[in-house]
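Order of appearance sets the numbers: ligands from 1, and atoms from 1 within every ligand.
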Amino acid sequence: MTAPLVLPTLVGDAVRLRAFTPADLPLVREATTDPLIPLITSVPASGDDDACRAYLTRQADRLTTGAGYAFAVAERVTDLAVGHVFVGLRDVDLGRATVGYWIGRPYRGRGLAGDALRTVVRWAVTVRGIDRLELYVEPWNVASARTATSAGFVREGLLRSWEKVGDERRDMDMYALVSPQA
Ligand SMILES: CC(C)(COP(=O)(O)OP(=O)(O)OC[C@H]1O[C@@H](n2cnc3c(N)ncnc32)[C@H](O)[C@@H]1OP(=O)(O)O)[C@@H](O)C(=O)NCCC(=O)NCCS
């Protein structure tokens, strides 16, 4: 049996990336009300506390199953959880990892997503076996595209009808960052 992954704590300029704790429930509850987050993540579409707690448990489970590293994005000074960043390892045997992120609406526009992504990328490119990081952004999502490019990702092209978001298949721009060591 493979050993469980170990989640490091990573410190950026304004954020600390750490494991989720039960105290982060209010963030998940808030995220359930976002029009997009429940469609593109496993955040439940209802504010039901049991479902929100199950979401928090699933993030820790991702280490034991080897699915990837799920970080809470917390404010560095207060430790308040404001969002999530995930490094997925489904294709790590091929040297590729995927990255996803969201920030709760009350905390947006303060540079936290960019800081969180730059912080996780600095670490991820040092993880053995990760040669390339990929992320997918809907073409309308300017904030996410700018977050990606601010962390060194480059837009590589349009993936037509790439995945379902809610009931609709959507186009996605693929952004990637190649590890300096690759
Ligand atoms: C995308 C998202 C993570 C951005 O979070 P954020 O903390 O507000 O982003 P930041 O403040 O770090 O800003 C990142 C960049 O986007 C720009 N930006 C932020 N909000 C913007 C907006 N509404 N419109 C245009 N640009 C915007 C910032 O100016 C910054 O660009 P710069 O580095 O060139 O100055 C957040 O809007 C979100 O969680 N959205 C819902 C989920 C989502 O879309 N996740 C990504 C899926 S690919």
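The shortest contact between atom 5 (O) of ligand 1 and any protein heavy atom is with Ala113 CB, 3.2 Å. The closest protein non-hydrogen atom to atom 28 (C) of ligand 1 is Arg146 NE, 4.4 Å. Regarding atom 11 (O) of ligand 1, its nearest protein heavy-atom neighbour is Gly111 N, 2.7 Å. Among all protein heavy atoms, the one lying closest to atom 41 (C) of ligand 1 is Arg108 NH2, 3.5 Å. Of the protein's heavy atoms, Thr147 OG1, 4.2 Å lies nearest to atom 13 (O) of ligand 1. Looking only at protein heavy atoms, the nearest one to atom 22 (C) of ligand 1 is Ala143 CB, 3.9 Å. Regarding atom 33 (O) of ligand 1, its nearest protein heavy-atom neighbour is Ser150 CB, 3.8 Å. In terms of protein heavy atoms, atom 39 (O) of ligand 1 is closest to Ile103 N, 2.8 Å.
Arg118 and Ser150 are linked by a side-chain donor-acceptor pair at a separation below 3.5 angstrom, with hydrogens and angles left out of the test. At a cut-off of 3.5 Å, with distance as the only test, no side-chain donor of Ser144 or Tyr175 sits close to an acceptor on the other residue.
Phe86 carries Arg62 over the face of its six-membered ring, with the cationic atom under 6.0 Å from the centre and within 45° of the normal.
By the 4.0 Å N-to-carboxylate-O rule, Asp24 lies close enough to Arg18 to be salt-bridged with it. Using a 4.0 Å cut-off between charged nitrogen and carboxylate oxygen, Asp171 and Arg160 do not count as a salt-bridge pair. Comment: Asp131 does not engage Arg96 in a salt bridge, judged by the lack of any side-chain N to carboxylate O separation of less than 4.0 angstrom. Note on Arg53 versus Asp50: salt bridge recorded, some NZ/NE/NH1/NH2 to OD/OE distance being below 4.0 Å.
At a heavy-atom cutoff of 4.0 Å, ligand 1 is contacted by the side chain of Asn141 but not by its backbone. Counting heavy atoms closer than 4.0 Å to ligand 1, residue Tyr101 contributes atoms from both its backbone and its side chain. With a heavy-atom cut-off of 4.0 Å, Leu36 touches ligand 1 through its side chain alone. At a heavy-atom distance under 4.0 Å, only backbone atoms of Arg110 (N, CA, C or O) approach ligand 1.
Less than 4.0 angstrom separates some heavy atom of Tyr136 from each of these atoms of ligand 1: 48 (S). Heavy-atom proximity to Gly114, at under 4.0 Å, picks out these atoms of ligand 1: 12 (O). Within ligand 1, counting atoms from 1 as listed, the ones closer than 4.0 Å to a heavy atom of Trp102 are 39 (O), 42 (C).
The aromatic rings of Phe20 and His84 lie tilted to each other, with the angle between the two planes from 30° to 60°.
In this structure a side-chain-to-backbone donor-acceptor pair under 3.5 Å is missing from Thr33 to Arg29.
The distance criterion of under 3.5 Å between nitrogen or oxygen atoms is met by Gly109 with respect to ligand 1. The distance criterion of under 3.5 Å between nitrogen or oxygen atoms is not met by Ile40 with respect to ligand 1. On a distance-only criterion, Val142 and ligand 1 share no N/O pair closer than 3.5 Å.
For an aromatic pair to be called close, the ring centres must be under 6.0 Å apart, and Trp102 with Tyr107 fails this.
In this structure, the side chains of Ser42 and Gln59 come closer than 4.5 Å at one or more pairs of heavy atoms.
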